[in-house]
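All ligand and atom numbering here is 1-based and tracks the order in the structure. Sequential numbering from 1 along the given sequence is applied to the chain's residues.
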Amino acid sequence: MNLSIPYHLENYIGGNFIGPLRGQFLDNINPATAAVYGQIPNSNQKDIAIAVTAAQKAFTEWSNTATEKRFVLLNKIADLIDENIDELALAETNDNGKPLWLSKAVDIKRASDNFRFFATAIMHFASESHSTTDKNAINYTLRQPIGVVGCISPWNLPLYLFTWKIAPALAAGNCVIAKPSEVTPVTSFLLGKICKAAGLPDGVLNIVHGDGPNCGEAIVKHPDIKAISFTGSTRAGESIASIAAPMFKKLSLELGGKNPNIIFNDCDWPKMLQETIRSSFGNQGQICLCGSRILIEKAAYENFKKHFVELTKKLTVGDPLEPTSKQGAIVSKVHFEKIMRCIQTAKDEGGTILCGGNAVQLTGRCANGYFIEPTIIEGLNQQCKTNQEEIFGPVVTIQPFDTEEEALQLANATNYGLAATIWTQDISKANRLAAKVQSGIIWINCWLVRDLRTPFGGMKNSGVGREGGWEALKFFTEQKNVCIQF
Ligand code: NAD
């Protein structure tokens, strides 16, 4: 199929590709080269209004479409994503700066997995009935699609997280207004072409591009969009909640993190080191699940530091198109500058940079790109800004602890609660800690081992609600209990 990328991207509304009504565009920049290579619509409430009208028009038919037919259509979309994995992976890398091998192995693969998973899940989705025998009654629960729902996603895993929301919403029979990040819009634009080619009826999925204040907020404010599934920063989540809560919208908020890795001396060292490198610097540290505060038992501290620094220094920062590059570009100039400011703050707070700490100057094609060395910092206390605020880049701190109690206290000492890892061969200790660490997701002796059926989400300022498996299908349906007496 034709997945060519026009210089001016268009919105996908009611099955048509159209420009923004007020004619305003934003630059699309390749962060590895700093070159503007396209323009994306900066849509506003007028574009959202026509998208909602198109979605409402499509809803009656789509919500009454047989589950089997939705299953076939969503699988067809998954097949087309797989067939076009090379074009999609290249587009993701040019937009985001992540290594091409990573886009292909993780991002695009997961996008088709998401469609396949929820296509299958909806075929097995069932509801409850309760027999109220003493009153000669039976209750059964309907789970009906909500109507028109909004999905807003970030730039770090662009197509992966966009489809993670859209697939369950569509599978459950909703019509969707979806907005990708304005920083990484291209693969979601291409998804519109794929959905059209797969035969998804017009208006069922509408993809509208633009920034947060103009386009994202218009989705949140629209009175006929009844549920919002959002992944992004805690700051934007707070603003969305303040608008949506008084309108009584259903809300799923997947927000930021400041995740601890708790490492005991009795762990499997080679595996722990290999996974800690991944969980620290994978995707340039721009994964919400990355561990950014590494807590190490004192007896293991010096040994860990030596090996961790050695391995980190071997990570090649380079052109994302080169297969040898382990680390690609930071997603944008704005984010690059934010991370560099955070490194300066860590120095001002008295931190010692053990490795990294600098921008990387590449040559050739990437001479103007936004690259940062993977950075390890020690000597900071838990209360400092560096250990409290999300950096979302290739920057981690290491801190020693004496006892299990101290490890727990340090792990829980932030306002966030998304994910944690625990490394020890003592399974009783691991499970004891897992019960007490305030995070929605805990990995024991592993990291980012995903099963799409499990509840995914955070506690505290990391969010509200859970995605994944039945949780997602429950979120995108409205329950209605019916009671019959006989
Ligand atoms: P962001 O909050 O700036 O933007 C996310 C999306 O929301 C974008 O599409 C943006 O245009 C839109 N947006 C911004 N302000 C908005 C507003 N007021 N109303 C409506 N929409 C708005 O986040 P980002 O910088 O794109 O992504 C990085 C953040 O996402 C990090 O904090 C990271 O931890 C978080 N994240 C969380 C998860 C998770 O599952 N918990 C996963 C990935 C990323």
Side-chain angles (χ1 to χ4, degrees), residues 26 31 40-45 48 95-96 98 106-107 110 150-166 177-185 188 207-222 225 228-244 249 251-259 282-292 330-336 338-339 342 389-393 414-419 439-441 448 450 454-468 471-472:
L26 301 165
I40 74 158
N42 195 8
S43 313
N44 70 359
Q45 74 275 10
I48 297 300
D95 248 8
N96 175 282
K98 65 180 72 197
V106 175
D107 292 73
R110 175 61 186 275
C151 297
I152 303 176
S153 61
W155 49 255
N156 65 320
L157 298 163
L159 194 63
Y160 173 136
L161 289 175
F162 196 60
T163 54
W164 179 234
K165 298 182 177 304
I166 291 170
I177 312 297
K179 189 194 97 58
S181 168
E182 64 277 26
V183 183
T184 52
S188 54
I207 300 169
V208 188
H209 298 273
D211 63 18
N214 287 291
C215 185
E217 224 175 274
I219 294 176
V220 180
K221 283 183 175 161
H222 198 293
I225 298 179
I228 304 287
S229 174
F230 170 81
T231 299
S233 61
T234 297
R235 177 193 44 77
E238 197 179 325
S239 155
I240 288 169
S242 73
I243 296 168
K249 297 191 181 203
L251 268 184
S252 171
L253 301 174
E254 301 294 338
L255 310 176
K258 192 74 188 170
N259 308 316
N283 203 33
Q284 295 71 249
Q286 302 167 136
I287 303 179
C288 56
L289 306 165
C290 276
S292 53
I330 301 299
V331 74
S332 65
K333 183 166 191 272
V334 172
H335 196 53
F336 167 87
K338 179 203 151 175
I339 297 169
C342 290
E389 295 182 5
E390 186 182 47
I391 298 173
F392 214 55
T414 74
N415 290 329
Y416 292 104
L418 186 55
S439 298
I441 302 158
L448 206 45
R450 289 284 287 121
T454 58
F456 180 97
M459 298 178 176
K460 294 157 72 177
N461 290 4
S462 291
V464 178
R466 294 292 181 271
E467 296 186 331
E471 299 295 327

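- Between Ile48 and Ala218, the shortest heavy-atom contact is CG1-CB, 3.7 Å.
- Annotation: side chain of Asn259 is not in contact with side chain of Tyr416 (no heavy-atom distance under 4.5 Å).
- For atom 2 (O) of ligand 1, the closest non-hydrogen atom of the protein is Ser233 OG, 2.6 Å.
- Residue contact check for ligand 1: Gly463 places no non-hydrogen atom closer than 4.0 Å to it.
- Within the 4.0 Å heavy-atom criterion, the part of Ile152 lying near ligand 1 is the side chain and not the backbone.
- At a 4.0 Å cut-off, not a single heavy atom of His335 sits close enough to ligand 1 to count as contact.
- The protein atom (non-hydrogen) at minimum distance from atom 39 (C) of ligand 1 is Cys288 SG, 3.4 Å.
- By the 3.5 Å distance cut-off applied to N or O atoms, Thr234 is not counted among the residues near ligand 1.
- Short contacts between ligand 1 and Phe456, defined as distances under 4.0 Å to a heavy atom of the residue, involve ligand atoms 40 (O).
- Of all protein heavy atoms, the one lying nearest to atom 15 (N) of ligand 1 is Ala236 CB, 3.6 Å.
- Within the 4.0 Å heavy-atom criterion, the part of Glu182 lying near ligand 1 is the side chain and not the backbone.
- Side chains of Lys258 and Thr414: no donor on one and acceptor on the other come within 3.5 Å.
- Closest protein heavy atom to atom 28 (C) of ligand 1: Phe392 CE2, 3.6 Å.
- By the 3.5 Å distance cut-off applied to N or O atoms, Glu390 is counted among the residues near ligand 1.
- Of all atoms in ligand 1, listed by their number and element, those nearer than 4.0 Å to a heavy atom of Leu161 are 42 (C), 43 (C).
- Across all their heavy atoms, Ala178 and Pro180 have their closest contact at O-CD, 4.0 Å.
- The main-chain N or O of Gly458 is found under 3.5 Å from a side-chain atom of Arg466 such that the two form a donor-acceptor pair.
- Contacts between Pro154 and ligand 1 below 4.0 angstrom, taking non-hydrogen atoms only, involve backbone and side chain alike.
- Pro180 counts as a contact of ligand 1, since one of its heavy atoms falls under 4.0 Å from the ligand.
- Checking only distances, Ser153 does come within under 3.5 Å of ligand 1, N or O to N or O.
- Counting heavy atoms under 4.0 Å from ligand 1, residue Leu255 touches it through the backbone alone.
- For NZ of Lys338, the number of neighbouring non-hydrogen atoms (other residues, nucleotides, ligands) closer than 6.0 Å is greater than 12.
- When Leu159, Asn156, Asp95, Ile40 are each tested for a side-chain contact (heavy atoms from CB on, under 4.5 Å) with Thr184, only one passes: Asp95.
- Ranking the protein heavy atoms by distance from atom 24 (P) of ligand 1 puts Trp155 NE1, 3.3 Å first.
- Nearest heavy-atom pair across Ser233 and Leu255 is O-CD2, 3.6 Å.
- With a heavy-atom cut-off of 4.0 Å, Arg235 touches ligand 1 through its side chain alone.
- The distance criterion of under 3.5 Å between nitrogen or oxygen atoms is not met by Ser462 with respect to ligand 1.
- Looking only at protein heavy atoms, the nearest one to atom 20 (C) of ligand 1 is Gly216 C, 3.3 Å.
- With a 4.0 Å heavy-atom cut-off, ligand 1 is reached by the side chain of Leu418 but not by its N, CA, C or O.
- In this structure, His335 contributes its side chain and Phe392 its backbone to a donor-acceptor pair below 3.5 Å.
- Of the protein's non-hydrogen atoms, Phe230 CE1, 3.1 Å is the one closest to atom 7 (O) of ligand 1.
- The protein heavy-atom contact nearest to atom 14 (C) of ligand 1 is Gly212 CA, 3.6 Å.
- Residue Gly256 comes nearest to Ser462 through the heavy atom pair O-OG, 2.6 Å, listed as atom of the first residue, atom of the second, then distance.
- Ligand 1 has no N or O atom lying under 3.5 Å from any N or O atom of Asn156, backbone or side chain.
- The backbone N or O of Gly210 lies less than 3.5 Å from a partner atom in the side chain of Lys179, making a donor-acceptor pair.
- A pairwise comparison of heavy atoms in Ile330 and Gln284 identifies CD1-CB, 3.9 Å as the closest pair.
- Residue contacts with ligand 1 do not include Gly458, since none of its heavy atoms lies under 4.0 Å from the ligand.
- Below 4.0 Å from some heavy atom of Ser239 lie the following atoms of ligand 1, by number and element: 18 (N).
- In terms of modelled atom types and a separation under 3.5 Å, the side chain of Asn96 and the main chain of Trp155 share a donor-acceptor contact.
- Scanning all heavy atoms of the two residues, the minimum distance from Lys249 to Ile219 falls at NZ-O, 3.9 Å.
- Side-chain polar atoms of Ser153 and Lys165 form no donor-acceptor pair below 3.5 angstrom.
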